[in-house]
J.: 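Got a structure for you, questions after.
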2 protein chains.
Amino acid sequence: MNDSVSTSAGSVSLLERIRTGEVLARDCPSREILNHVCSRWGVLVLVVLLDGMHRFSELRRKIGGVSEKMLSQALQSLEQDGFVERKALPVVPPHVEYRLTAMGEEVALQMDGLTSWIEDNLPRILAAREGKVAVG
Amino acid sequence: MNDSVSTSAGSVSLLERIRTGEVLARDCPSREILNHVCSRWGVLVLVVLLDGMHRFSELRRKIGGVSEKMLSQALQSLEQDGFVERKALPVVPPHVEYRLTAMGEEVALQMDGLTSWIEDNLPRILAAREGKVAVG
DNA sequence: CGGAATCCAAGATGATACTG
DNA sequence: CAGTATCATCTTGGATTCCG
């Protein structure tokens, strides 16, 4: 369905709203970016890369449970969005380095704030959950 | 090994050992919480509720593109984690209110930081993308 | 080593219809 | 109004295999 916009005589066009980057608008490109950085593996990649350059297999080892395919996919999304820089050295065996761009470090700090908060408050959260679902 | 530090927290420098802690462990419950608040609709629900109490259909109207089912599901996850409080008034027609708990407001602030950053930097991000995906 | 390609299972998502 | 139930579909995720 169409959502709000253009109510009064004021000519607030859809394009203008999109240009300002409204995550609540279904057609805004920011939704896609949000999904990339918030994706199951994307957020973890960002947090790990805050620690500096990593090679593919280092990332894979640090991020518990990620498959090669998913890691590769997450890295590609983040690289396309300009958050991660990929440098492949022309050697044998292959040597590829991943690191955050300046912009990537900014988002990564946001995600680190989130993951840190969750880790710090995990006991509180789990306690709240027990009180809700336990009844059975 | 690198960091065997776990929950002592407090005196450990953030930038020195960028938490390779809980969220990176595949079996840690924090992963599930992370996925709830980072889910496609969960993050938007949190951000909207930062504005105060909302009814179901108000949320649905504000969050462009969400279906009833997905909104309902996101709200249930967030309620279970103790981030959202649901109050159903016994009237006809039904009247249900959703609002953030104290804990929910804390996470919501984190997510708001993220979404705001994305909105503010969308032009930069899209520009970076153009340079990558565009013509070969 | 660092992927890409393929196949398949599982889960997310959405439109529709229905209920209290 | 605020959901739930159902079914069809699209996307994720993982294991395997192959390549430079």
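Each chain gets a letter, A, B and so on, in the order its sequence line appears, and its residues count up from 1.
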J.: Closer to the 5' end of DNA chain D via nearest nucleotide, is it A/S67 or B/Q76?
T.: B/Q76
J.: When the distance from CE of A/M70 to P of D/dA15 is rounded to whole Å, what number comes out?
T.: 11 Å
J.: Would you please test A/E22 and A/R31 for salt bridge (charged side-chain N to carboxylate O under 4.0 Å, His left out) and show each step?
T.: CA-CA 8 Å; A/E22 174 60 74; A/R31 281 275 183 95; over 6 Å; no
J.: Of all the nucleotides listed (D/dC1, D/dC7, D/dG13), which has the minimum atom distance to the side chain of B/K69?
T.: D/dC7
J.: With respect to the phosphate group of D/dC1, does any side-chain polar atom (N or O) of B/Y98 fall under 4.0 Å of OP1 or OP2?
T.: no
J.: So if I apply the side-chain contact (heavy atoms from CB on, under 4.5 Å) rule between A/V43 and each of A/V48, A/T115, A/V107, A/V37, which one comes out positive?
T.: A/T115
J.: Which is true for A/P93 with a 4.0 Å heavy-atom rule: it touches a base, it touches only sugar-phosphate, or it touches nothing?
T.: sugar-phosphate
J.: Please determine if B/R129 and A/E32 form a salt bridge, counting it only when a charged side-chain N lies under 4.0 Å from a carboxylate O.
T.: yes
J.: In whole angstrom, what separates B/N35's CG from D/dT12's C1'?
T.: 12 Å
J.: Identify the 5'-most and 3'-most nucleotides of DNA chain C with at least one atom closer than 4.0 Å to a non-hydrogen atom of chain B.
T.: C/dT13 to C/dG20
J.: Measure the CG-CD1 distance between B/D81 and A/I125 for me, rounded to the nearest 0.5 Å.
T.: 7.0 Å
J.: Can you measure A/W41 atom CH2 to D/dG13 atom P for me and round it to whole angstrom units?
T.: 7 Å
J.: Assuming nearest nucleotide by heavy-atom distance, tell me which of B/Q73 and B/E68 is located more 5' along DNA chain C.
T.: B/Q73
J.: Once you apply a heavy-atom cut-off of 4.0 Å, does B/R86 come out as touching a base, just sugar-phosphate, or nothing?
T.: sugar-phosphate
J.: Looking at A/R40, I'd like to know whether one of its side-chain N or O atoms comes within less than 4.0 Å of OP1 or OP2 on D/dT12.
T.: no
J.: Establish, with yes or no, whether the OP1 or OP2 oxygen of D/dT4 is under 4.0 angstrom from a side-chain nitrogen or oxygen of B/S72.
T.: yes
J.: With the side chain counted from C-beta on, respond yes when A/T101 and A/V84 share a heavy-atom pair under 4.5 Å apart, and no when they do not.
T.: no
J.: Are B/E105 and B/R99 ion-paired here, with the side-chain N under 4.0 Å from a carboxylate O?
T.: no
J.: Given atom CG of A/L44 and atom C1' of D/dG13, what is their separation to the nearest angstrom?
T.: 14 Å
J.: Whole Å only: how far is the CD atom of B/E79 from the P atom of D/dG3?
T.: 9 Å
J.: By the definition side-chain hydrogen bond (donor to acceptor under 3.5 Å, both in side chains), identify the one residue from A/K62, A/R60, A/E97 that meets it with A/H54.
T.: A/K62
